[in-house]
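Below is one structure; the comments refer to it alone.
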Amino acid sequence: MPIDVDEPQRLREIAAATVRVAQESGPRSVTIRAVAKEMGGSTALITNYVPSRGALMINAFKIHNQLWQEDLDEHIRGLTGIPRLRALVEWHCTRDDTDDVLRRLWIEMLAVIQTLPDDLTEASYRHSRNAYATIANAMVDVELPDLAADMLFLIIRGYFVASIEDPATWPPERAAVAALRAVDLLLAAR
């Protein structure tokens, strides 16, 4: 008789194991075999739910994106207008150990994105579009043009890379000061 498995729970477990492997050994070490070993099972434990290395990274992103969205929603709850925009920018300029490892996985995934199947590539693009839409919606609330959302999105994405490339030079506080100054300049120019 087949074992009844809660698929969403299994995908969360796989995502957590993927992050642990990347934390312990770096993003290049994330493989189906390594994640299966981390979970104490065979590769079939993984491939029944996540068919490839790229899918492992996308799964980790999808699961953590839900957690990030919940955290962001809580951070900006009840805020409107400029305070909401500023809180949104501040939140994007924070990081913890999980954020760091997921950003490293993101960079690793970007390096191979053109080799991923279309459905996985689309999942990655959807994550990016959702992040952009959150920023663009905040810009609409304060009557800033789409170009302002483009600029702020690129600043935040640049911080993600800089925080991995040289974390000592780009701590969250420094990034937040720079990004909030950009918000102030955009608001002054409207």
Side-chain angles (χ1 to χ4, degrees), residues 1-77 87-88 90-135 153 156-157 159-165 167 170-172 175:
M1 179 163 204
I3 298 172
D4 188 27
V5 176
D6 179 355
E7 185 174 349
Q9 178 60 32
R10 182 55 53 92
L11 289 170
R12 286 190 295 275
E13 292 166 358
I14 292 169
T18 302
V19 169
R20 287 192 303 274
V21 168
Q23 281 175 321
E24 294 167 10
S25 304
R28 295 224 167 178
S29 64
V30 171
T31 63
I32 290 173
R33 187 174 312 280
V35 173
K37 182 179 177 185
E38 177 68 25
M39 292 182 68
S42 72
T43 57
L45 175 70
I46 307 302
T47 58
N48 285 336
Y49 302 92
V50 184
S52 68
R53 180 175 185 265
L56 279 172
M57 292 184 278
I58 295 287
N59 179 61
F61 258 43
K62 284 170 60 176
I63 298 299
H64 282 85
N65 190 48
Q66 293 166 357
L67 300 172
W68 286 327
Q69 191 61 53
E70 291 168 9
D71 188 52
L72 174 59
D73 290 346
E74 180 62 31
H75 189 74
I76 63 174
R77 185 174 329 256
L88 175 74
E90 288 171 340
W91 182 88
H92 276 289
C93 291
T94 61
R95 73 172 195 247
D96 61 26
D97 290 341
T98 303
D99 291 340
D100 283 352
V101 75
L102 286 165
R103 288 175 185 164
R104 289 178 193 283
L105 280 171
W106 173 63
I107 289 170
E108 178 76 11
M109 184 183 64
L110 291 178
V112 299
I113 199 160
Q114 298 306 317
T115 66
L116 297 176
D118 288 344
D119 61 327
L120 295 181
T121 303
E122 182 55 36
S124 173
Y125 294 156
R126 189 171 36 256
H127 169 76
S128 179
R129 287 185 206 115
N130 289 344
Y132 175 82
T134 300
I135 293 167
F153 178 77
I156 290 168
R157 284 299 211 217
Y159 164 65
F160 290 175
V161 173
S163 71
I164 294 305
E165 180 182 40
W170 293 104

(message) Can you list everything that forms a ring-ring contact (aromatic ring centres under 6.0 Å, His included) with F153? Sequence neighbours excluded, please.
(response) Y132
(message) Minimum heavy-atom separation for I76 and A87, please, with both atom names.
(response) CG2-CB, 3.9 Å
(message) Tell me every residue that passes salt bridge (Lys or Arg N to Asp or Glu O under 4.0 Å) with R104, counting only those two or more places apart in sequence or in another chain.
(response) none
(request) Might you point out which heavy atoms bring L56 and I46 nearest each other, and give the distance in Å? (result) CD2-CG2, 3.7 Å
(message) If you define the side chain from C-beta out and look only at heavy atoms, does anything of E165 sit under 4.5 Å from W170?
(response) no
(request) Kindly give the heavy-atom pair with the smallest separation between S29 and A34, and that separation in Å. (result) O-CB, 3.5 Å
(request) Can you sort out the partners of N65 under side-chain hydrogen bond (donor to acceptor under 3.5 Å, both in side chains), two or more places apart, ordered by chain and number? (result) H127
(request) Under the salt bridge (Lys or Arg N to Asp or Glu O under 4.0 Å) rule, collect the residues that match up with E74, sequence neighbours excluded. (result) R77
(message) Can a donor-acceptor pair be found, under 3.5 Å and without considering hydrogens, that links the side chain of N48 to the backbone of L45?
(response) no
(message) Applying salt bridge (Lys or Arg N to Asp or Glu O under 4.0 Å), can you list everything that pairs with R103, at least two apart in sequence or on another chain?
(response) none
(request) Can you sort out the partners of R10 under salt bridge (Lys or Arg N to Asp or Glu O under 4.0 Å), two or more places apart, ordered by chain and number? (result) E13
(message) Under the criterion side chain to side chain contact (heavy atoms under 4.5 Å, CB included), I'd like the reasoning laid out for L105 against M109: C-alpha separation, chi angles, the key distance, then a yes or no.
(response) CA-CA 6 Å; L105 280 171; M109 184 183 64; over 6 Å; no
(request) Could you list the residues that satisfy side chain to side chain contact (heavy atoms under 4.5 Å, CB included) with S42, not counting sequence neighbours? (result) A44
(message) Is any side-chain heavy atom of V30 closer than 4.5 Å to one of E108?
(response) no
(request) With sequence neighbours left out, write down each residue that passes side chain to side chain contact (heavy atoms under 4.5 Å, CB included) with E7, or none if nothing qualifies. (result) L11, Y49
(request) Name all residues meeting the side-chain hydrogen bond (donor to acceptor under 3.5 Å, both in side chains) criterion together with W106; count only those two or more places apart in sequence or in a different chain, and write none if there are none. (result) none
Only pairs under 3.5 Å count here: list side-chain donor-acceptor contacts from residues 15-27, not counting sequence neighbours, and write none if there are none.
residue, atom, partner, partner atom, Å
T18, OG1, I14, O, 2.7
R20, NE, E38, OE2, 2.7

(message) Tell me every residue that passes side chain to side chain contact (heavy atoms under 4.5 Å, CB included) with P171, counting only those two or more places apart in sequence or in another chain.
(response) E173, R174
(message) Could you check whether atom CZ of R33 has more than 12 heavy atoms from other residues, nucleotides or ligands sitting under 6.0 Å from it?
(response) no
(message) Side chains of H92 and F160, heavy atoms from C-beta outward: is any pair under 4.5 Å?
(response) yes
(request) List in chain and number order the residues that pass side-chain hydrogen bond (donor to acceptor under 3.5 Å, both in side chains) with D73, two or more places apart in sequence or in another chain; answer none if no residue qualifies. (result) Q69
(message) If I take atom CH2 from residue W91 and atom OG1 from residue T134, how far apart are they, to the nearest 0.5 angstrom?
(response) 8.5 Å
